[in-house]
Amino acid sequence: MNAPETLRPSDAAASASAPTTSALAYQSGFGNQFETEAVAGALPQGRNSPQRAPMDLYPELLSGSAFTAPRVENRRTWLYRRQPSVVTGAFHAYEQPFWTSGAAGGVAAPPDPLRWHPFPMPDEAAANGGAAAAVDFVDSLKTVVSNGDPDAQTGMAALVYAFNRPMTRRALMNADGEMLIVPQQGGLRVTTEMGLLDVVPGEIALIPRGVTFRVEAHDGAARGYICENYGAAFRLPELGPIGSNGLANPRDFLAPVAAHEADGAPYEVIRKTGGALWRNAQAVTPFNVVAWHGNLTPLKYDTKHFMTIGSISFDHPDPSIFTVLTSPSDTPGTANCDFVIFPPRWLVQEDTFRPPWYHRNVMSEFMGLIHGQYDAKPEGFRPGGASLHNCLVPHGPDADAFEAASTRALTPQKLDHTLAFMFESRWRFRPSKWALHGGALDANYAACWGALKDKFKPA
Ligand code: FE2
């Protein structure tokens, strides 16, 4: 049977070259064993690799864990594609100097708290003498902070993107880490080997290490954050005494259904491996998977479905109670990276200072703001910006937030219309050269604590 020639999720909603916001079909459940076919009968039954696969498709295994990883962590997917992904052509070095990797890609910085103004959209950057105005997702990626080492499969980078051009006949495959995409402004159509995802601010997309994908904006331009996780794949945190429900529930994670597109003009695939970028020109679209089954898959998640837990008596729990996903390290309870959100929630504690307390944590904290205000920094921490509080760097509410929270009537209070997030890592971050000198650094950040006077009143 001839292969169909259109990109076709099972709801036939999408055209790869003209992203739309029409509703896509998804399959539900974090880590589930999915099976999906864009053409009925394309998926082999009862075995993975028959002598001749249905419709003369090529079976191809993509493993996301070592073959012998424990079953609960084992991830792999069987792809049935029109041509195997070995049909590529040679790769050549690709220059994208802003996407740096690991501790070695950063620079030394003093142990000060750091904060960045909103990172500029491409048009704003060009107006200020920055890069060219038209840029796509890949070329817009910039590392803000990073740690670890992609070759050692440990650590992570926090990146930002801000683009206004589609990735026409262009795709990205990252062998260094999975990509947790956190949109801040503008919705995204994410085309992957396994199908299509639409995500908007408030949602996240998770692209496994090694899955080829491309990103376009629903409305021309978009901005957001990315955690490039070199370490163990993100998973749901253990719930302990919370029990069998709560925080991010598995059923709210959505995987795509199979979709494939017609071949045509040559494709350029950018591969990242060992901290370096490479490009090729291939006659084969990487989005030619007609059917697949397995549990290694892109996912999307709407943070509105996060069941937030907090104190209903006094004090507030550690922010680990807001963990959506965790990438463990080899030390129990000490994450390579936790993805944590600060969503809308009720504050009802009695006799309690309700914002975050002043603290110095051994874990390092990179934060971003999707929309609204963050309760510890109502003014200077703005949507599209970021902050870094590295290992044992003191921080906490600014002076105005401390004064307000110390004196307000403690009636039940809804923190609403806000969404902040944190990438928290056991490894100290190093900012990139661009982060320190690219123009977005808030040179006056530390002044927000300057008005905290000694108010000690001995009895
Ligand atoms: Fe903190």
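Predicted model, so just to flag it, every value in this text is computed and none were measured. All ligand and atom numbering here is 1-based and tracks the order in the structure.
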N/O/S atom name from Glu365 that is nearest to the position of the Fe ion (ligand 1): OE1

Which N, O or S atom of His359 lies nearest to the Fe ion (ligand 1), by name: NE2

Centroid-centroid under 6.0 Å between Phe322 and Phe342 rings: yes

Distance-only donor-acceptor hits, side chain of residues 397-405, under 3.5 Å, sequence neighbours excluded:
residue: Asp398; atom: OD1; partner: Asp400; partner atom: N; Å: 3.3
residue: Asp398; atom: OD1; partner: Ala401; partner atom: N; Å: 2.8

Pairwise side-chain hydrogen bond (donor to acceptor under 3.5 Å, both in side chains) hits with a residue in residues 328-351, at least two apart: Asn229-Asn336, Thr326-Asp338, Ser327-Asn336, Ser329-Arg426, Thr331-Arg426, Asn336-Trp427

His395 N/O/S atom closer than 2.8 Å to the Fe ion (ligand 1): yes

Pair Glu268 + Arg169: basic N to acidic O under 4.0 Å: no

